[in-house]
Protein chains: 2
Amino acid sequence: MSDELVNFFKALADSNRLKIVGLLAQQPYSVEELAALLNLKPSTVSHHLAKLAQVGLVSAKTQSYYNVYQLDEKALQSKSQNLFSQQNLAASVVDVDADAYDNKVIKDYVRKDGSLKTIPAQRKKLEAILRYVAKSFEANKRYSEKKVNEILSKYHEDTASLRRELVGSGLMKREGGGGEYWRE
Amino acid sequence: MSDELVNFFKALADSNRLKIVGLLAQQPYSVEELAALLNLKPSTVSHHLAKLAQVGLVSAKTQSYYNVYQLDEKALQSKSQNLFSQQNLAASVVDVDADAYDNKVIKDYVRKDGSLKTIPAQRKKLEAILRYVAKSFEANKRYSEKKVNEILSKYHEDTASLRRELVGSGLMKREGGGGEYWRE
DNA sequence: AATCTAATTTGATAATTATCGAATTAGATT
DNA sequence: AATCTAATTCGATAATTATCAAATTAGATT
């Protein structure tokens, strides 16, 4: 999971820190100067600068008494270029459970014995249930309509609806005239 | 002042909202689905989506029961392009008081009668004080060294140091051999 | 070496905000 | 028309974080 991206946005999600970036884009400043310009205490500015430094946007050089901070314009440009690249978008999603929605629907509609309380009326939920039901059919194996109904009857008495929706949703195929069904 | 930029960053400065953006980059989702995928309550997701919508990153279409949200990829790209443009950087700084630092230094070093407590040892503060002192000289008018000392004596007894620093910092000029000074 | 000075760190407080549950709303289905 | 359903809004709470004051640190000047 990419904390890096969130931290980058968090670093800039503060009005005073944005002002600091704007000021440092003009010229380097010491902590004390920034504090005076922003009407903040040096300790507060130090805290803000630490957050900006943490994501590599600014860095400090000591000059005599002062700690002079400067903007790393290269980092700023390069980071801003691919903020929303495929990589970053994909990375933000990497730890979400893709099956969470189906599992929730299954949990809501399936009894402990595996049968369905009802057949969902809502499209999205029906599809989740169909994906669940379809797992009872071995991939690429041919089933007679009678056998299909037998299997579906474990889930719900309205086997005709289930069968029709399975085919309609594309989860199962039916041979044109004959009564053969299969899952690909 | 540009709240817009801060709000944009704030909208993305949250791990769950970044995940929402990542998910919507793949396909549109309803609030309910997002809630299940992120393991959050619908009301929380609704709140997040409102923030994203506020900055124009997502929008909703109602489909039957559902409110299906989609990512506005155009807005995403266009906004991310000039996040750190000159305009935005300048805008973030527009309401900072450019004289605040000098004013603070002056407040620290100048007595109510206008005289200096001391001449600052620190470079940056000395320069602020010199800018303050230099205002006592009319621009482009010529002053004899004696007159310069007389004016500077209102600030500090060490008129020689003040005079030397004023010239050294470039705030005042001196004619080569003669004793004439002026401010440009 | 002794003294200054700016910066940082630490601890406390106030403000912001993410999250949830309950109540309400808007729309679709029956 | 009556009933469902998902979404939103509202109110409350917990978690985060911006800010400051005080104490400490690191470095430079004398």
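Throughout, a chain's letter reflects where its sequence line sits, starting with A, and its residues are numbered from 1.
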Could you state the atom-to-atom distance from CG of A:Asn67 to P of C:dC4 in whole Å?
22 Å

Under 4.0 angstrom, heavy atoms only, what part of the nucleic acid is B:Thr44 near: base, sugar-phosphate, or nothing?
base

In terms of the angle between their ring planes, are B:Phe8 and A:Phe84 parallel, tilted or perpendicular, with boundaries placed at 30° and 60°?
perpendicular

When all nucleic acid strands are considered with a 4.0 Å heavy-atom cut-off, which category describes A:Ser30: base, sugar-phosphate, or nothing?
sugar-phosphate

When the nearest nucleotide of DNA chain D is assigned to B:Val68 and to A:Lys41 on a heavy-atom basis, which residue is associated with the more 5' position?
B:Val68

Axis-to-axis angle across the helix from C:dA1-D:dT30 to C:dT30-D:dA1, five pairs an end, to 10 degrees?
30°

With sequence neighbours left out, which residue pairs that include part of residues 25-50 of chain A fulfil the salt bridge (Lys or Arg N to Asp or Glu O under 4.0 Å) condition?
A:Glu32-B:Lys125, A:Glu33-B:Lys124

Among C:dA6, D:dT9, C:dT17, the nucleotide that comes nearest once only the side chain of A:Glu32 is considered
C:dA6

In this structure, how many angstroms lie between the C1' atom of D:dT17 and the CG atom of A:Leu12, rounded?
16 Å

For DNA chain C, whose closest nucleotide is more 5', that of B:Lys125 or that of B:Lys10?
B:Lys125

Tell me what B:Lys124 touches on the nucleic acid: a base, only sugar-phosphate, or nothing, going by heavy atoms under 4.0 Å.
nothing

For residues A:Asn149 and A:Arg163, is any side-chain donor paired with an opposing acceptor at under 3.5 Å?
yes

Side chain of A:His47 - closest among D:dT17, D:dT19, C:dT8
D:dT19

Hey, does the side chain of A:His48 come within less than 4.0 Å of D:dT17's phosphate (OP1/OP2), counting only N and O?
no

B:Ser43 has its side chain closest, among D:dA22, C:dT29, C:dA22, to C:dA22

Judged by each residue's nearest nucleotide on DNA chain D, which is more toward the 5′ side, B:Leu49 or A:Gln122?
A:Gln122

Just to be sure I understand the rule, does A:Tyr66 reach a base, reach only the sugar-phosphate, or reach nothing, if contact means heavy atoms closer than 4.0 Å?
sugar-phosphate

Ring centroid separation for B:Tyr29 and B:Tyr69, is it under 6.0 angstrom?
no

Would you say the side chain of A:Leu24 lies within less than 4.5 Å of the side chain of A:Gln70, judging by non-hydrogen atoms?
no

Which distance, rounded to the nearest 0.5 Å, do you find between the CZ of B:Arg17 and the CG of B:Leu12?
8.0 Å

B:Leu34 has an atom CG; how far is it from atom P of D:dA6, in whole Å?
14 Å

Salt bridge (Lys or Arg N to Asp or Glu O under 4.0 Å): pairs with one or both residues in residues 68-81 of chain B, sequence neighbours excluded:
B:Glu4-B:Lys79

Have a look at A:Arg17 and say if it touches a base, only the backbone sugar-phosphate, or nothing, with a 4.0 Å heavy-atom cut-off.
sugar-phosphate

